[in-house]
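Chain naming here is simple, since letters A, B, ... match the order of the sequence lines and numbering starts at 1 in each.
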Amino acid sequence: MAELEKTYEPQQVERRWYQFWTKHGYFQASANRSGTPYTIVIPPPNVTGSLHIGHALNNTIQDILIRWRRMQGRNALWVPGTDHAGIATQNVVERQLTTEGTTRETLGRAAFIQRVWEWKAQSGGTIIEQLKRLGASCDWSRLRFTMDEGLSKAVRDVFVGLYEDGLIYRGERLINWCPRCLTALSDIEVQHEDTSGQLYHIRYPLADRSSESLTVATTRPETMLGDAAVAVHPEDDRYNRLIGQFVSLPLTNRKIPIVGDSILVNREFGSGAVKITPAHDFNDFEAGERHRLPRLGILDLHARLDPQKLQEAGVEEGVRARINSLSVLKARPLIVEALTQQGYLTTTETHKMALGKCYRCKTVVEPLLSPQWFVKIKPLAEPAIAAVEAGRIRFVPETWTNNYLGWMRDIKDWCISRQIWWGHQIPAWYCRGCNRSLLVQTGPEGTWLIPPEAKPLVDKTAPARCPDCGNTDFLQDPDVLDTWFSSALWPFSTLGWPEDSPDLRTFYPTSTLVTGLDILFFWVARMIMMGLKFTGQVPFRDVYIHALVRDAEGQKMSKSKGNVIDPLSVMDTYGTDAFRFTLASMASPGRDIKLAVERIEGYRNFANKIWNAARFLLMNLGGPRNAATPSTRSFPDRWILSRLNRTIGLVNAALEQYRFDQACSHLYHFIWHEYCDWYLELIKPVLQDKAGPQAAPTRQTLIESFECLLRLLHPIMPFISEEIWQALPRGAEEGQSITIRPYPTMQPHWDDKDAEATFGTLEQFVTTVRIGRVLLNYPPGKMLTVYGAVKDQGEGTALTAVHSHLEALSRSHVQVRPIDAWPRAQVLRLVTGGITAGLLVEGEVDLQKALDRIRKQTDEGLAEAKRVEGKLGSPEFTGKAPAVVVAEHKQRLQRLREELALLGSSEAQLREMADGGRSS
RNA sequence: GGGCGGAUAGCUCAGCUGGGAGAGCGCUGCCCUUACAAGGCAGAGGUCACAGGUUCGAUCCCUGUUCCGCCUACCA
C-alpha cells in the first residue's frame, strides 16, 4: 500500500498521470467502439494564442462533460485543433519581419506564407501543450488545423458549392476597411465604442441663389468633399420645394442636387437636411443607390486623402494643397478651418456617437468602396432559424435563443474576402485572355487590381484551359477567405467531410458545443448555417454558452489593464484540480464570473482535505475486509452510503443540466461536511478496535464509499482522483485507470431513511453538548457527564443505539434517561433542534456566559412564538392558507413552547447554581 | 435607440414551481484532539437596491424608478 505525503503536491502528480493517460490511449475514440457516441469539437483556439482564463473555463467544462460521458460508457470523442487565425497570425509574423528589417512585400507572397508555416511549426503548439496541462482529455491523434489539407479541401468544396448555388457573389460594395491591416472586415469584426465627438453644422449655399442655403450636420466634415447630394424629407414643408435644385458644395467647384429621401432623413434631427456621401457612409451608400448618385471616394487604402481623388472630386486647389495625403484625423481640423474662413461653418456641438474599430488592432475602421466577395446569407439563415425554433438545436441557458434568432432574422450579407495572404486563397481564377484589359499589376509582387467587372472561373482546382478563349494563363484571386469561413465548417470538416467517412457517420452531428457568448454570431450561427446546408443535419444538439471571466472587480481581463490572471501560474501555485473546481463551481448560468484568487485557494484546501482523508483511509485499512451487506453494516456505514447515494443522484442530475456549479457544491458539501466531518469521525473508534466485530465490514464500506467518491469527483478533479485511486488496493483493477471506470449511478439498496433519521438525532445531540461545553468553558480534554433526554420510547431507542458514538463525538459520559430522572441540581439543560441534553456542571465554570446565551435564546424563541401565534390567530391565514402550511405552523408553535419551557427551567436552575456558588 | 442580464452577509456568489434567509472566503473565541492548522469546534454579521401592486403570505410574481454590466444599432 502506498504511503502518501502529508500535503498534496499537485505538480509532479499532474504531469505523471497525464502522460499515463495518453500513453494508454484512454482518450482515443474510434468509430468501431461500442457505446452511444458523444462528441464535442473544441472551439479551435488561435494558433497564435496562449491559454487565457477564458480558454481555461471553456475547456474545463468540455473536459468535465467528456470525462463524465466517457465514464458512463459512451463512445466519447473530443476533437481538438487550432485555428489559423488569418489576420492575427499574419500580424505576428509581420511584426517578426519588422524586427528583421524586412516586410512581407519584400519577401513576396509565397516566401511569406512559407515563413508563417515555419512559425507555426515552431510556436503553434504552445496552446496545445497548455491544454494538456489543464488536463484536457482530447483525442490528440485527431488534432486538426483549419489549414490542413483535408480542411482546406472542405473549404474549397463549400465555396464552389455556394457559388454554384448562386449564394456567393463578387461585387463592389461599401465595406468595413481596416486602414492598418489593409483588409476588408465583416460587420461583426467591427467593434463599436461610444465616443464623444463633434457635430459640425455646415452651410451649403443654393447654386443659383447664394443668399439662401441649406445647413447640414456631420461628425465627419472631411467626407463632405465626396458629397454627391443633399437630402431632405419629401414631406418637409420647409425644404421640399427645393427638391430638384442644386447647392454649391463648399471648398469644391461642384454643384450637387437636392433630393427627397424619406428613409435617410429624420426631420426632427439637426436641420432636417442631410449630406449624402455614398463612398464613405453605409446609409449614404444605400441612398446613393436609390438616387443613382456617383460614388466619389476621396480616401486611399490607408485612410489618407488621396490627391488624385481630391482632384477628381473638384476640390479647390488651395484646400487640396493643405490636405493632400494627410490622414483623416490630421486633415479634419484643416478642413474645419477652411470652412470657417470661408464662412460656411455655422455651429459646432459635442455629440455622442459609436465609433467602429477593428477587432484585431483597434484601428478606426473606414467605410470604403471596394470589390469583395460576399455570401448571400438569407437563404442560409432561414433553415438555421427553423432548426432552433423547432428545438433541433437547444441553447443552454435558453435565454440566448432570442439573441440568436433576433440576429439571424436581421442578418446581412457576409463579406468573406480579406486582403491578406495567410489563409485559404479564394478558388477563383481570372483568365488573362478574357480579362486582358482589366487585370493590372499594381505592385512588385502579387498585388493585382481586379475590378468588379472581371469574370472569374470558380472551381475546386485551377482550371487548365479557359472554356471561352482557350487560354491557359490564369491569375488566381489574391484574396483569402475570412478565417470564420473555415471555422464554420469545423464540426464536419474535422470528421472527414466531404468524404463519407465512418467517423463522420458515427460522430456527427456532434452532441454539445461549449462556447462563450462572444463568438455566438462569429462562429455558432455560421456553423449552424453551413452544417445544415452541406450535411443536411444540425452540427450539434446542445449549445452550452458560458459566461465571460472577469477579475474580482468585474473588469474585463486585459493585458493593458494588468489585471490578467494567468491560468498557468494559477495551476502552478494551487494545482490544476483546484483551478478546475473553481471555474466549474463559478459557472452558474446567466452571470459573468468574477474570479478572485482567494476562491481558488479555498478549493486548493479542499483538494488537500480529500488528500488527507485518503491518508486516513490508507492508515486504517490494515486488517481483513468483509464483503459487507446491509445486515452486517454498522449505523455509520449505512448512513454514509445513503448520503453518498443521494449525492450521486444530485451530481448526475446537475451535470445532466449543465449545472456545474451545483455539481461542485454537492460534492464539496458531501465530502467535507458529511464524509470527513462526521463519517470519518464516527468510524474512528470502530477502526481503532482492529479486532472488533465491526472493523472488517467498516473497512470494506470505507474503501467502497471512498473509491466511489473518487469516481464521482474525477471529471472535475481528474488528477488527484487518479493519484489517490491508484494508491488504493484495487485487486482485479490493478493497472487500470479511473478514467475508464464506470461513473457512479444511484444504488437504491443504499438508501436508508432510518439511518438518516438516527443520524439527525445524533448530530443534534452532539452539537448541543458541544455548545454547552463552550458556554461553560469546559476544557476540551475534560470528560463531561451528560444526560440525554428521552421524550418517548423511540427517541430513547435511537439514542441508546448510537450511545458509543454519542460519547466519542461529544467527549462525554452519556446517560440516557427521562428528564424527570435527572439529578435535580447542577445540571444545565440545553435544547437545540428539538434535542435536549443536560450537562452535569462540575468545577470552575462560567455560568454567566451560559445564562446570557439562554436568555438570548429565550428572547428569540418568545418573539418567534408570538409571531407564529399571531399568524395562527389570524382568520385570514387559517382560513385561506393551505391546510398543510397551517399544520406546519401549529407544529412549530408546539415545539417552540416546549423549548421555551425547558429554557425557562434551565435559567431558573442556572440562577440557583450561580447563587449557590456565591453563597458557598 | 432597441434588447438582455444583474443588484441577497465585509468580499465572491447560491437560493428549483411564492410559506421558517444559505455557502465559501474574511472576521471573533477556544483548541497544534496521531488524516488534515491548507485543520477542528463554537460564534458574530443581512430592511434580500428603492417605490408601488397582486396575495392570507413576496428575496421569488407584476409595474415603475435608480445604479451596474453585456449584446445590438446607419439617426447625420
Taking distance alone, no hydrogens or angles, what donor-acceptor pairs closer than 3.5 Å link side-chain atoms of residues 868-877 of chain A to residues at least two apart or in another chain?
residue   : atom : partner   : partner atom : Å
Glu869(A) : OE2  : Arg897(A) : NH2          : 2.7
Ser874(A) : OG   : Glu876(A) : N            : 3.3
Ser874(A) : OG   : Phe877(A) : N            : 3.2

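Distances were taken from every side-chain heavy atom of Ala354(A) (C-beta onward) to each of rG40(B), rA73(B), rA38(B); the shortest belongs to rA73(B). In the set rA42(B), rC70(B), rA35(B), rA42(B) carries the atom at the smallest distance from any side-chain atom of Thr767(A). In this structure, the nucleotide among rA35(B), rG40(B), rA73(B) sitting nearest to the side chain of His192(A) is rA73(B).
The CD atom of Glu807(A) sits 11.5 Å away from the CG atom of Leu784(A) when rounded to the nearest 0.5 Å. The distance from atom NE2 of His546(A) to atom OG1 of Thr515(A), rounded to the nearest 0.5 Å, is 6.0 Å.
An OP1 or OP2 oxygen of rA23(B) is reached within less than 4.0 angstrom by no side-chain nitrogen or oxygen of His669(A). Side-chain nitrogen and oxygen atoms of Lys609(A) include at least one within less than 4.0 Å of the OP1 or OP2 phosphate oxygen of rG40(B). In terms of phosphate contacts, Lys871(A) brings no side-chain nitrogen or oxygen within less than 4.0 Å of OP1 or OP2 of rC56(B).
Cation-pi check for Lys609(A) over Tyr668(A) is not met; the charged atom does not lie both under 6.0 angstrom from the ring centroid and within 45 degrees of its normal.
Using a 4.0 Å heavy-atom criterion, one finds that Pro875(A) contacts no nucleic acid atom at all.
Counting atom types as modelled, Lys684(A) pairs a side-chain N or O with a base atom of rA35(B) as donor and acceptor under 3.5 Å.
Counting heavy-atom neighbours within 6.0 Å of Glu349(A) CD, excluding the residue itself, gives a total above 12.
Consecutive Watson-Crick or G-U pairs involving RNA chain B, each under 3.5 Å on both distances, make up stems of three or more pairs at B:1-7 with B:66-72, B:10-13 with B:22-25, B:27-31 with B:39-43, B:49-53 with B:61-65.
Atom NE2 of His673(A) is separated from atom C1' of rC25(B) by 12 Å (rounded to the nearest Å).
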